[in-house]
Amino acid sequence: VPVPVLQVTANTLTKILEYCEYHCRAGQQNTPEAEMKAWDENFIAVDDAMLFDLMLAANYLDIKGLLHLTCRRIADAIRGNTPDELRARFNITN
């Protein structure tokens with residue numbers, strides 16, 4: 001089965017591989033959910049550019065767990081902010 005990676009940068013792909021390898025290993029070793037959640041929170045502590053790249057790549061590569069993780073992180077960043085704060089954070093112009 002061909003893997004669609006042409007639109008994913010090397011840095012993003014490296015990060016995605018790290019995520020997939022960890023979750024594969026954690027599943028095989030029956031890693032506790034709390035430990036996996038802590039690992040995910042540390043993993044997703046990236047700048048906005050990488051976060052959006054990860055989200056787009058996870059969607060493109062159909063990696064649902066990573067897609068949900070990145071979308072949740074973005075939703076958390078949006079929650080509780082004023083429109084002006086969001087415009088500044090995400091560099092949105094009127």
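The chain is numbered in sequence order, starting from 1.
Arg73 and Leu51 make their closest contact through CG-CD2, 3.7 Å (heavy atoms, listed as atom of the first residue, atom of the second, distance). Smallest separation of non-hydrogen atoms from Thr12 and Met50: OG1-SD, 4.0 Å. Taking every heavy atom of both residues into account, Tyr22 and Glu35 meet most closely at OH-O, 3.9 Å.
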| request: Evaluate the criterion side-chain contact (heavy atoms from CB on, under 4.5 Å) for residue pair His23 and Asp40; output intermediate values, then yes/no. | output: CA-CA 9 Å; His23 278 271; Asp40 282 348; 2.7 Å; yes

| request: Step by step, work out the side-chain contact (heavy atoms from CB on, under 4.5 Å) result for Met55 and Ile74. | output: CA-CA 9 Å; Met55 180 189 64; Ile74 293 167; 3.6 Å; yes

| task | Could you please spell out the steps behind the side-chain contact (heavy atoms from CB on, under 4.5 Å) verdict for Ile78 and Phe90? | result | CA-CA 10 Å; Ile78 291 171; Phe90 297 112; 3.9 Å; yes

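Contact check on Arg79 versus Asp76 returns a salt bridge, with a Lys/Arg side-chain nitrogen under 4.0 Å from an Asp/Glu carboxylate oxygen. Under 4.0 Å is where a charged nitrogen must lie from a carboxylate oxygen, and between Lys15 and Asp53 no such pair does.
Although no hydrogens or angles enter the test, the distance criterion places a donor-acceptor pair under 3.5 Å between the side chain of Asn81 and the main chain of Ala77. A donor-acceptor distance shorter than 3.5 angstrom exists from the side chain of Glu85 to the backbone of Thr82, with no hydrogens or angles considered. Side-chain atoms of Thr14 come within 3.5 Å of backbone atoms of Ala10 as a donor-acceptor pair (strictly under, hydrogens ignored).
One distance of note links CG of Leu54 with OG1 of Thr70; it measures 7.0 Å at 0.5 Å rounding. The structure places CZ of Arg72 at 8.5 Å from CD1 of Ile44, a figure rounded to the nearest 0.5 Å. Rounding to the nearest 0.5 Å places CG of Leu13 at 7.5 Å from CG of Leu61. Here CZ of Arg25 is found 11.5 Å from SG of Cys20. Values are rounded to the nearest 0.5 Å. If you take CG on Leu56 and OH on Tyr60, they are separated by 11.5 Å, rounding to the nearest 0.5 Å.
Side-chain atoms of Pro83 and Arg87, non-hydrogen and from C-beta on, do get closer than 4.5 Å to each other.
Taking the six-membered ring for Trp and the full ring otherwise, Tyr19 and Phe43 have centroids separated by under 6.0 Å.
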